*Asks:* 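Please read through the structure below; I'll follow up with questions.
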Amino acid sequence: MTEIRPPAAAPAVARGTLRPATPKPYALRIESLRVAYRGDEGERLALDDLSFSIARGEAYGLVGESGSGKSTVAMAIARYLARNARIVGGRIELAGRDVATLERRALREMRTRDLSFVYQDPARALNPTLTVGRQLIESFELTGLRGTKAHDAAYEMLERVQMPTPERALASYPHQLSGGMQQRVVIAMALAKRPALLILDEATTGLDATVEAEIIALLQTLRRASDTALLFISHKLPLVAELCDYIGVLERGKLVEEGTPGQMFAHPEHPYTAALLACLPSFGRTKRDGPLATLGDAKAYDGPRDGFARGTIGGLPEGAANRDGGLRVIEAGLRAIEAAGRGMAAAQQSAPAPSSDGPPVLSVTEVSKTYRIGTDTLYALDRVSLAVRPGETLGIVGESGSGKTTLARIIAGLVPADTGTLTLEGAPLRERVERRSRAQIAALQSVFQNPHNALNRSHQLRTLLGRAIGKLARLRGQAREQRIHALLDAVRLPHARLSARARELSGGQQQRVAIARAFAGEPRLLICDEPTSALDVSVQASILNLLVELQRTQQVGYLFISHDLAVIRYIADHVVVLYHGQVVETASADDLFARPCHPYTEALLGATSAPARTPDRDAPEHRGCIYASRCNVSLGLRCEQQVPADYEVGNGHTVRCHLFGPGYGRRRGG
């Protein structure tokens with residue numbers, strides 16, 4: 001008989017306060033679940049004696065680093081486990097039925113009626129050959145609606161998930177929508193049937209802050225109105241604290257702590273929970289304050305462990321369930337973590353502020369890009385200008401569909417701009433990558449959100465890095481081998497992994513390989529398009545630390561795109577805010593986060609309430625300010641009919657808003 005080995009984990013400690021009994025029936029009950037995966041060395045437990053329950057209308061958050069077993073829990077509930085996995089013990093009960101005993105027809109019915117999934121990668125959940133409307137309408141047809149009623153329900157649901165131009169989205173194919181828009185479609189499909197249990201596996205990864213807030217509000221309304229239970233799997237700890245009634249922490253297959261957000265994040269009992277919190281970049285922390293803590297660095301959280309164990313860290317009252325609740329609860333713990341780690345941070349070398357002198361490594365001037373969707377013209381970018389200097393990180397923020405990725409693709413030479421110019425280190429940059437010189441290709445590299453999509457999974461690391469070096473640096477033989485080893489050292493991967501194939505690496509290791517490949521030709525500019533959004537908080541911290549260190553030593557400029565504002569605050573020196581293809585505000589990161597000026601930036605940073613639904617955008621007919629219909633301080637006809645200019649408000653801080661123009665002169669941050 002094959003031996004099943006338990007995962008190596010820290011000794012179990014006392015969990016948080018156990019949950020009180022609930023009068024509501026349970027949507028999900030898991031008792032002593034054990035799941036094993038079969039490999040070359042026998043079977044190994046991925047989940048070990050896991051027990052938790054979710055009542056009807058309740059939200060339960062499951063957190064932990066990559067490989068802790070979170071997604072295995074979701075797959076086991078739906079009986080979607082891989083062929084090399086099996087349940088070796090325990091029980092899963094969904095909507096009162098034992099999942100393991102269901103025959104094929106009953107299992108299909110359970111998946112259709114009682115269970116919905118929203119995955120991290122929406123592109124894999126949508127059929128590329130069918131329009132969004134056909135797929136969403138089918139979801140409502142499963143509930144009994146037909147014809148016009150199903151279409152109207154699909155349109156209404158897209159409005160509820162804050163989809164810009166719902167009618168256009170219904171007529172579009174998935175590839176014609178941004179990643180964030182695709183995810184809104186998948187969420188709409190999942191919400192169509194009002195299931196007993198909705199599993200969201202990193203479902204908000206591709207969403208910006210304002211849309212994420214609306215989706216969370218929608219989920220809260222749904223679960224209370226229809227008694228749908230939520231299993232929310234995420235590495236966004238503030239979001240978990242905000243949405244969920246209870247939270248469970250998984251460490252290598254074991255549930256090491258469970259409790260309410262107030263208990264877990266203000267007074268965690270297990271050192272692993274404290275370590276996860278320590279990895280978060282707090283909203284006020286920057287790279288000048290030193291590197292982020294990681295789980296791999298024991299010194300980064302040994303101190304906070306002691307503090308949490310002694311119960312000396314103060315927190316907030318339990319039950320904070322408002323928009324700020326998740327951030328406020330976690331900030332209480334982070335303040336103590338930072339205080340305990342200041343000595344470590346001070347002893348390490350922090351990133352110096354880049355000089356604003358000298359020519360930029362990249363200049364983008366008046367770049368515009370339009371797309372045709374049916375008879376409509378979509379303005380993806382409208383006269384965008386920006387610059388990145390050596391050793392500087394320029395953060396790009398904005399909603400899904402604001403043009404961030406289109407901008408990155410134009411700079412990378414993957415799509416041509418309609419108008420405008422690009423220069424790299426003062427030389428014109430051809431619009432197509434195949435027309436650029438070898439030196440320019442080496443000088444401008446990219447790191448994408450999902451490394452498993454950017455790397456050939458069947459190739460060894462030696463091949464992946466060797467090809468990049470051969471194409472970009474023209475090194476051969478021993479010189480190339482030395483360069484490969486130097487790249488592995490730079491991204492902290494052991495030389496023994498050179499024979500490993502990409503598919504054998506974890507997500508964090510794959511992203512390190514992607515970064516190493518990008519640095520193969522000693523680039524001058526790196527385009528980072530959501531490079532950490534798919535990673536758990538510990539791996540994210542290590543990748544951010546790596547990027548900061550490589551920038552400090554090699555003075556590479558970064559164009560850094562992210563939905564995570566805390567990440568932008570940590571790594572960016574300057575920030576550009578995009579809204580519907582236009583730059584509405586540009587400032588240093590310190591200035592922007594301290595005193596946001598544009599009403600959209602204020603909404604994005606949470607300084608005001610979340611804006612109303614994005615209106616239809618028919619750019620050729622548009623007059624005035626593009627944000628006028630959503631602005632809560634609009635000047636009426638002036639904003640609706642007159643295009644605002646870019647106004648300088650000091651220290652290189654510019655804002656495209658009538659409130660700062662002649663005749664009004666709004667004070668900064670007022």
Side-chain angles (χ1 to χ4, degrees), residues 2-9 35-48 64-76 80-86 119-121 123-124 201-202 205 233 235 250-253 294-296 446-470 480-481 483-520 530-543 546-547:
T2 305
E3 178 187 5
I4 300 177
R5 295 173 294 152
V35 175
Y37 283 88
R38 183 178 64 256
D40 294 337
E41 299 179 358
E43 288 191 320
R44 182 178 180 85
L45 283 179
L47 297 176
D48 187 10
E65 60 187 318
S66 298
S68 61
K70 304 188 299 297
S71 293
T72 298
V73 174
M75 294 298 101
Y80 280 144
L81 287 170
R83 292 184 178 180
N84 66 330
R86 66 187 182 101
Y119 299 100
Q120 178 174 338
D121 186 359
R124 296 186 179 186
D201 192 353
E202 302 287 1
T205 294
I233 299 171
H235 59 256
L250 275 181
E251 182 188 15
R252 299 182 186 180
T294 66
L295 289 178
S446 300
V447 177
F448 301 102
Q449 176 176 347
N450 293 314
H452 57 270
N453 290 337
L455 301 175
N456 189 318
R457 293 169 56 81
S458 64
H459 283 178
Q460 295 180 342
L461 268 61
R462 187 185 305 278
T463 302
L464 292 170
L465 297 180
R467 284 186 173 181
I469 292 171
R480 187 174 71 165
E481 192 72 11
R483 179 64 176 155
I484 290 175
H485 288 173
L487 288 170
L488 287 181
D489 292 339
V491 299
R492 293 185 174 83
L493 284 174
H495 296 181
R497 301 297 282 168
L498 277 174
S499 59
R501 303 186 187 278
R503 63 172 177 263
E504 299 170 352
L505 304 179
S506 68
Q509 289 173 329
Q510 288 180 358
Q511 195 64 296
R512 288 173 182 268
V513 174
I515 293 172
R517 188 174 65 174
F519 274 86
E530 300 280 5
T532 64
S533 63
L535 307 175
D536 65 72
V537 291
S538 175
V539 178
Q540 172 185 270
S542 66
I543 293 298
L546 173 62
L547 288 171

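On a predicted model such as this, the values are computed, not experimentally measured, just so you know. The residues of the chain are indexed from 1 along the displayed sequence.
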*Asks:* Which heavy atom of Met75 sits nearest a heavy atom of Tyr119, and at what distance?
*Replies:*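 Heavy-atom minimum between the residues: CE-CE2, 3.8 Å.
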
*Asks:* To the closest 0.5 Å, what do you measure between OG (Ser71) and OH (Tyr80)?
*Replies:*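 So the OG of Ser71 and the OH of Tyr80 are separated by 14.5 Å.
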
*Asks:* State which residues pass salt bridge (charged side-chain N to carboxylate O under 4.0 Å, His left out) with Glu481; sequence neighbours excluded, sorted by chain then number.
*Replies:*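 Testing Glu481 for salt bridge (charged side-chain N to carboxylate O under 4.0 Å, His left out), a comparison that skips the adjacent residues, returns Arg462.
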
*Asks:* If you take all heavy atoms of Thr294 and Ser542, which pair is closest and at what distance?
*Replies:*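 Answer, listing the atom of Thr294 first, then Ser542: CG2-N, 3.7 Å.
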
*Asks:* To the closest 0.5 Å, what do you measure between OG (Ser538) and CD1 (Ile543)?
*Replies:*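 Answer rounded to 0.5 Å: 10.0 Å.
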
*Asks:* Spell out, as yes or no, whether a donor-acceptor pair under 3.5 Å connects the side chain of His235 to the backbone of Glu202.
*Replies:*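 No; zero donor-acceptor contacts below 3.5 Å.
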
*Asks:* Out of curiosity, His485 NE2 to Leu487 CG, how far, rounded to the nearest 0.5 Å?
*Replies:*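 One gets 10.5 Å once the value is rounded to the nearest 0.5 Å.
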
*Asks:* Working to the nearest 0.5 angstrom, can you tell me the gap between Gln510 CD and Leu464 CG?
*Replies:*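 Going from CD on Gln510 over to CG on Leu464, the span is 10.0 Å.
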
*Asks:* I need the minimum non-hydrogen distance between Glu65 and Lys70, along with the two atoms involved.
*Replies:*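 What the structure gives for the nearest pair is O-NZ, 3.3 Å.
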
*Asks:* Examine distances only and state if a side-chain atom of Gln449 and a backbone atom of Ser533 form a donor-acceptor pair shorter than 3.5 Å.
*Replies:*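 Absent.
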
*Asks:* Mind checking the CZ-CG spacing from Arg503 to Asn456? Nearest 0.5 Å is all I need.
*Replies:*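 Those atoms lie 9.5 Å apart.
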
*Asks:* Less than 4.5 Å apart, side chain to side chain, heavy atoms only: is that true for Gln511 and Val447?
*Replies:*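 Heavy-atom side-chain distance check passes, below 4.5 Å.
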
*Asks:* Which pair of heavy atoms, one from Val539 and one from Asp536, lies closest together, and at what distance?
*Replies:*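 Heavy-atom minimum between the residues: N-OD1, 3.0 Å.
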
*Asks:* Closest heavy-atom contact between Ala468 and Arg517?
*Replies:*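 Distance-wise, the nearest heavy atoms are CB-CG, 3.5 Å.
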
*Asks:* Measure the shortest side-chain to side-chain distance between Arg512 and Leu505 over non-hydrogen atoms and say whether it is less than 4.5 angstrom.
*Replies:*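 Heavy-atom side-chain distance check fails, nothing below 4.5 Å.
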
*Asks:* CG of Leu47 to CG of Leu250: how many Å apart, nearest 0.5 Å?
*Replies:*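 One finds 7.0 Å between CG of Leu47 and CG of Leu250.
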
*Asks:* Using a 3.5 Å distance criterion without hydrogens, assess whether the side chain of Asn84 forms a donor-acceptor pair with backbone atoms of Arg38.
*Replies:*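 Indeed, once roles are kept as given, a pair shorter than 3.5 Å links the two residues.
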
*Asks:* What pairs of donor and acceptor atoms, side-chain ones from residues 490-497 against any protein atom, are under 3.5 angstrom apart with sequence neighbours left out?
*Replies:*
{"from": "Arg492", "atom 1": "NH1", "to": "Glu549", "atom 2": "OE1", "distance (Å)": "3.0"}
{"from": "Arg492", "atom 1": "NH2", "to": "Glu549", "atom 2": "OE1", "distance (Å)": "2.9"}
{"from": "His495", "atom 1": "NE2", "to": "Asp489", "atom 2": "OD1", "distance (Å)": "2.8"}

